[in-house]
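Report on the structure given below.
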Amino acid sequence: MPATNYDELKQAITVCFPAMSKQLQGIARFVLERPDELALGTVAAIAGAAGVQPSAMVRFANALDFGGFSEMQQIFRGRLVERSVSYRERIEQMRQSKRNGAGTGGQDSVLHQSVSNAIAELGQLEETVTAKQFHAAVRLLAGATQIHVLAQRRAFPVACYLAYALSQLELRTHLLDSVGGMLTEFVRGIAPREVLIAVSFRNYSAGVVEAAAQCHRRGVPVIAITDSPLSPLKPSATIAFELGDDSSRPFRSLVAPLCLAQELVVSTGHHLAGTLEKRRAMPARTRKARA
């Protein structure tokens, strides 16, 4: 039975992805990275943007149990209708207005384009991260006996910030690395009452993916910060933040993951402070009993 909404479609793609051909896997990544194009374009235009033939788009829809491409496209159109005007669309309207009014054509600077993209990413972050999963992650962090943070290559600044900021909350925090080839041994020492934060984006770091899988097998909670429901971190994650990451850009931004990391730290601090206030408000006898 085909999906009836966008969330169901994402789940269906995730389930079917391993069995798809390389061409259909490429289409899967494309449709999850650029869903608005799926809603608005013709099958020929979308296939051209994805670098495939229109017949491949039809096969992709059939693989997800749709009768044809148009039937699948209705899911993307429904998603677009349900959303209010996105930040990306607002920015594009502003840029179009500026071009039409000032007649400056292609004089927009790289900085302005980067800022526009960053604002759009923050809008997508707000849309994709639910309050339920965010608060669940905060509770895990606040209740962990120790927090381990792991990222490599492009994602490493996110891990560095988390390790620094969480330690400022006086939480036991350990930034994992691969110095001396000891990452596997370090991960093996993580206990189930601790938490691993794993950060990785396409192209995914094999060491981070394997560390998350190792923790998952041993019952250690894993908070994943990644880019897609197709991320190899997803199967190992207790909580997965899928922020989106347009791989067509030559330089991919860290604005959204750093913003998420900062808000996780701030909210964890609020949670810890609230817990402390509640404990102080308890009668002394009750505090001793709970201790």
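Keep in mind the model is a prediction, meaning the values are calculated, not measured.
Side-chain atoms of I197 and V222, non-hydrogen and from C-beta on, never get closer than 4.5 Å to each other. Using a 4.5 Å cut-off on side-chain heavy atoms (C-beta onward), F66 and I75 make contact. Within the 4.5 Å cutoff, side-chain heavy atoms of Y204 are placed close to those of T226. Between P2 and L64 the shortest side-chain heavy-atom distance does not fall below 4.5 Å. With contacts defined as side-chain heavy-atom distances shorter than 4.5 Å, the pair V199/L150 does not qualify. When side chains are defined from C-beta on, L254 counts as touching P157, because their heavy atoms get closer than 4.5 Å. Residues F186 and H148 have side chains not in contact (no heavy-atom distance under 4.5 Å, counting atoms from C-beta outward). Two residues are said to be in side-chain contact when any heavy atoms from C-beta on lie closer than 4.5 Å; F76 and V31 meet this criterion.
Salt bridge annotation for E210-R217: present, with a cationic side-chain nitrogen under 4.0 angstrom from a carboxylate oxygen. Look at E194 and R172 and you find no salt bridge, because none of the NZ, NE, NH1 or NH2 atoms lies under 4.0 Å from a carboxylate O.
The distance from the CZ atom of R154 to the CZ atom of F201 is 6.0 Å, given to the nearest 0.5 Å. Summarising the geometry, atom NZ belonging to K22 is positioned 15.0 Å from atom CD1 belonging to I27; distances are rounded to the nearest 0.5 Å. Taken to the nearest 0.5 Å, the OG1 atom of T268 stands 11.0 Å off from the CZ atom of R139. Separation of atoms CD (Q25) and CD (Q23) is listed at 11.0 Å; rounding is to 0.5 Å. Atom CE of M72 and atom CG of D65 lie 12.5 Å apart (nearest 0.5 Å). Here the CG atom belonging to L125 is positioned 9.0 Å from the CD atom belonging to E263, to the nearest 0.5 angstrom.
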Worked verdict on S70 versus Q74 for side-chain contact (heavy atoms from CB on, under 4.5 Å): CA-CA 6 Å; S70 297; Q74 292 304 315; 5.5 Å; no
H174/I147 under side-chain contact (heavy atoms from CB on, under 4.5 Å): CA gap, chis, key distance, verdict: CA-CA 6 Å; H174 179 208; I147 300 166; over 6 Å; no
Working for side-chain contact (heavy atoms from CB on, under 4.5 Å), residues R29 and L230: CA-CA 8 Å; R29 293 191 181 97; L230 302 179; 4.0 Å; yes
Evaluation steps, side-chain contact (heavy atoms from CB on, under 4.5 Å), between V187 and V220: CA-CA 10 Å; V187 172; V220 177; over 6 Å; no
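Formation of a donor-acceptor pair under 3.5 Å by the S205 side chain with backbone atoms of S200 is not found in this model. Put simply, the side chain of S231 gets close to the backbone of L233: a donor and an acceptor are under 3.5 Å apart. Remark: the backbone N or O of I223 is not paired with any side-chain donor or acceptor of T238 at under 3.5 angstrom. A donor-acceptor pair under 3.5 Å is formed between the side chain of Q133 and the backbone N or O of T130. Checked by atom type and distance alone, the side chain of D227 pairs as donor or acceptor with a backbone atom of R202 at under 3.5 Å.
Considering every non-hydrogen atom in both R218 and A191, the closest pair reads NH2-N, 4.4 Å. Contact detail for P229 and K10: the closest heavy-atom pair is CG-CD, 4.3 Å. Nearest heavy-atom pair, A261 versus V158, reported as atom, atom and distance to 0.1 Å: CB-CG1, 4.1 Å. Between I225 and P257, the shortest heavy-atom distance links the atoms CG2-CB, 4.2 Å. Closest approach of V208 and A198 over heavy atoms only: CG1-CB, 3.9 Å. Residue C160 comes nearest to L175 through the heavy atom pair SG-CD2, 4.1 Å, listed as atom of the first residue, atom of the second, then distance.
Side chain to side chain, T173 and S167 fail the donor-acceptor criterion of an N or O pair below 3.5 Å. In this structure, a donor-acceptor pair under 3.5 Å is present between the side chains of Q73 and R77.
E170 CD: 12 or fewer foreign heavy atoms inside a 6.0 Å radius. For R153, the CZ atom counts as densely surrounded, since its 6.0 Å shell holds more than 12 non-hydrogen atoms of other residues, nucleotides or ligands.
Following chains of ILVMFWY side-chain contacts shorter than 4.5 Å, one cannot reach L176 starting from L264, and the two form parts of different hydrophobic clusters. When hydrophobic clusters are built by joining Ile, Leu, Val, Met, Phe, Trp and Tyr residues whose side-chain heavy atoms come closer than 4.5 Å, directly or via intermediates, F156 is not grouped with L183. Residue M20 is not grouped with residue V15 when hydrophobic side chains (ILVMFWY) are merged at heavy-atom distances under 4.5 angstrom, including chains of intermediate members. At a threshold of 4.5 Å between side-chain heavy atoms, the hydrophobic network of Ile, Leu, Val, Met, Phe, Trp and Tyr places I190 and V209 in one connected group. Note on F60 and F69: same hydrophobic cluster, where clusters join Ile, Leu, Val, Met, Phe, Trp and Tyr whose side-chain heavy atoms are under 4.5 Å apart, directly or indirectly.
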